[in-house]
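On a predicted model such as this, the values are computed, not experimentally measured, just so you know. What you see below is based on every heavy atom in this structure, not just the backbone, and it leaves out hydrogens, waters and symmetry mates. Start at 1 and go down the list; that is how both ligands and their atoms are numbered.
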Amino acid sequence: MSSSLRIIRQVLAALETPRNVCIVGHVRPDGDCIGSQLALAHALKRAGKRVTVWNADPIPAKLAFLDPDGLLQRPARRRRFDCVIATDAANPERLGETGACIGSRRQLINIDHHQSNTRYGDVNWVEPASPSTGELIHQLCRRAGWAITPLMADLLFTAVSTDTGSFQYDSVRPGTFTTAADLVRGGVRVGELCRRLYQSQSRARVELLRHVYQSFKLSPDGCLAWFWLRPRDLARAGADRSDTDGLIDHIRSIDTVVAACVFEELEDGRVRVSLRSKSRSVDVNRVAARFGGGGHPAAAGARLSGPPASAQRRVLSALREALECPF
Ligand SMILES: [Mn+2]
C-alpha cells in the first residue's frame, strides 16, 4: 500500500466518529487555504457532520464568491470540538488566534503540503511533493467516495490553480492535471472562474502595483529584486493587506532575477518578509528558516523583529549566500 493511501485511510478512520468538526487554516488565507477549508467543509457537511469553519482573518474580497453561504467565520470564543482539522498550515502559530480558540478537542488532524510542517497533529498528512493542499483534499474526497459538487469543484480548482501559479511551477506533477481534469468534469467553468480569480483586480491593487514598479530595487548583478510595503504605501493606494498577495510575482518575472523578496512593515513593528526563487538550486524555505519562518523551496516567508534596515540587510545577505552556492 502506498504511504499516501495509508495516511488517507488513517484520516478517514479518524473522521468516522466525530460529530462536531472544526476546520481551520492559516492567517491571511490564500486560494489554497480557502479552497481546501471550504471544500472539505462541504464534503463533511454532506457526510452528516456539524462543521464549523474558522479563520483568524476574513476571506479576501476577491474570493468571497466562493463562500456564498458565509461558512468561513472568524473564531468567536473558545469552543469544544470532537475533531479539529487544520489545512495548509505549517505550524500552530500560522493559525493565529484561531489556534487559541480551538480549546479542547479529542483529535487534531493536520493536512498540509509545506516542507516546513512541524507535524503538530495527532494525525499528520503532510505531503511536500503535492503542489497544493487542495490536491490532497481532492484525493481525500475521491478515496472517501464523497461527491464533488460544482461549488466544491470551483473551490478545489481555485486551490490547485492559485498554488501552482496557474500550473506553471516546478511543483506541478501529472496528478495535478488529473485533479484539474476531474474538477473540470465536475463542473468548473475554467474561463469564468479564472476571470474572477485573475482578471478581477481592485483599483487599489493596481495602485499598489504602481508603487511596486516605481520603488522596486535590483541588485547590481540583477539577481535579486525587492521592494518595501509600508502602512503608508497601503493607505496611499487605498489598499489593505489582502491586496498584497502576488505583488512579488511582478519583480520575480524580471529575466535576470533569481530570487525576489518583499519586505512589509507590520503594525506591531515587525517586518514580514516573503521570498520567491526561480532556481531549483536556491531554496528560500531554508533562507526563511534562518529567521524562524518557512514554506516551500520556491516560496517562503518569515517575520523578523528589529529595525527595518537591519531586517533588510540580514535577509538580503542570507539570500546572497544562498545564491552563491553552485548552480
Ligand atoms: Mn498551499
Give me the atom names and distance for the closest heavy-atom approach of R205 to L247. NH2-N, 3.7 Å
Specify whether an N/O/S atom of D30 falls short of 2.8 Å from the Mn ion (ligand 1). no
Run the ring-centre check on F177 versus F167 and record whether the distance is less than 6.0 Å. yes
Taking the six-membered ring for Trp and the single ring otherwise, decide whether the centroids of F216 and W228 are under 6.0 Å apart. no
Any idea which N/O/S atom from D88 gets closest to the Mn ion (ligand 1)? OD1
Shortest non-hydrogen separation from L224 to D221 and the atoms involved: N-OD1, 4.3 Å
Would one find an N, O or S atom of H114, in either backbone or side chain, under 2.8 Å from the Mn ion (ligand 1)? no
Name of the D32 N, O or S atom nearest the Mn ion (ligand 1)? OD2
Within 45 degrees of the ring normal and closer than 6.0 Å to the centroid, is that where the cationic atom of R314 sits relative to F291? no
Give the name of the N/O/S atom in D163 that lies closest to the Mn ion (ligand 1). OD2
Strictly under 2.8 Å, is any N, O or S atom of D112 next to the Mn ion (ligand 1)? no
